[in-house]
Amino acid sequence: MPSTNDMSPIKSDYFPLAAAAHRTVRAYPGGSKALSQLLGKTPETLENEVNPNDPSRKLGLLDSVLIQEISRNYAILYEYAAILKHHCLPLRELEDLSNEDFLPDQATNTPQADTVAKQLGAALARGKLNQSEYQSLRQEGLRQVQRFHTLLFRLEKTVSS
């Protein structure tokens, strides 16, 4: 965790965030030239803002969001969350499902969930998990969390004031 006594403009703990912004801009088709036009700034300004080697330069929060929306590259978000000891999961794209089809889709239990539940039961009986079991459990757990948050997001749209 960064020290509050360290007043350097960009702490070394934040370098991955700056590097993610730089990579995102560079990876966009047409690079900083194309992206900067959409942001209403010069390519030079954008390149300076995302230069991870110059701690005096900073990318604005709103520009960061716009870059991620335009590029559909969320590396900046994931690094931001990691620095703050958080985790991000994308919501599943289920906008095309009707309300009648949405809930059954959410309620469907996958074969992976059943397999993981059996692996977990066996591991708990042994008193330990191997790496493969842990990764399966983690992946399925994150998938279930993602499904639940997708459901909450969908329900939030139906809440009346």
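FYI, side chains are in, hydrogens and waters are out, and symmetry mates aren't considered; it's all heavy atoms of this structure. Source: prediction; values computed, not measured. Along the sequence shown, the residues carry numbers beginning at 1.
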Q: Answer yes or no: are there more than 12 heavy-atom neighbours, outside Y80 itself, under 6.0 Å from its atom OH?
A: no

Q. Which heavy atom in H22 sits nearest to a heavy atom in V50, and how many Å separate them?
A. CB-O, 3.1 Å

Q) Taking atom CG of L152 as the centre, does the number of heavy atoms from other residues, nucleotides or ligands within less than 6.0 Å exceed 12? A) yes

(Q) Take a 6.0 Å sphere around NE2 of H87 and say whether it holds more than 12 heavy atoms from other residues, nucleotides or ligands. (A) yes

Q. What is the minimum heavy-atom distance between A81 and C88, and which atoms define it?
A. CB-SG, 3.5 Å

Q.
Can you tell whether the side chains of E47 and R26 come within less than 4.0 Å, N to carboxylate O?
A. yes

Q: Determine the minimum heavy-atom distance between N73 and Q68, stating which atoms define it.
A: O-CG, 3.4 Å

Q | Candidate pair I83 and Y78, rule side-chain contact (heavy atoms from CB on, under 4.5 Å), full reasoning | A | CA-CA 9 Å; I83 288 169; Y78 295 137; over 6 Å; no

Q. Do other residues, nucleotides or ligands put more than 12 heavy atoms under 6.0 Å from the CD atom of Q135?
A. yes

**Q.** Candidate pair L38 and L66, rule side-chain contact (heavy atoms from CB on, under 4.5 Å), full reasoning
**A.** CA-CA 9 Å; L38 298 171; L66 287 171; over 6 Å; no

Q) Between T24 and A20, is there a donor-acceptor pair closer than 3.5 Å when you use the side chain of the first and the backbone of the second? A) yes

**Q.** Heavy-atom pair of closest approach, residues N130 and E133
**A.** OD1-N, 2.7 Å

Q.
Under the side-chain contact (heavy atoms from CB on, under 4.5 Å) test against E49, which residue among V25, I67, D63, D54 passes?
A. D63

Q.
Please find the pair of heavy atoms, one from E79 and one from L17, that lie closest to each other, and give the distance.
A. CB-CA, 3.9 Å

Q: Nearest 0.5 Å please: distance from the OG1 atom of T45 over to the CG atom of L59.
A: 11.5 Å

Q) What distance do R57 atom CZ and N48 atom CG have between them, rounded to the nearest 0.5 Å? A) 4.0 Å

Q | ILVMFWY network linking I76 to L84, side-chain heavy atoms under 4.5 angstrom | A | yes

Q) Should V65 and L39 be regarded as members of a common hydrophobic cluster, given that ILVMFWY residues are connected when their side-chain heavy atoms come within less than 4.5 Å of each other, either directly or indirectly? A) no

Q) Charged N to carboxylate O under 4.0 angstrom, K33 versus E44? A) no

Q. Closest approach of S36 and L46, non-hydrogen atoms and distance?
A. N-CD2, 3.8 Å

(Q) For the NZ atom of K58 and the CG atom of N51, what is their distance to the nearest 0.5 Å? (A) 12.5 Å

Q. Short question: side chain of S136, backbone of S132 - any donor-acceptor pair under 3.5 Å?
A. yes

Q. Mind checking whether Y74 and L61 sit in one hydrophobic cluster, side chains of I, L, V, M, F, W, Y counted as touching below 4.5 Å?
A. no

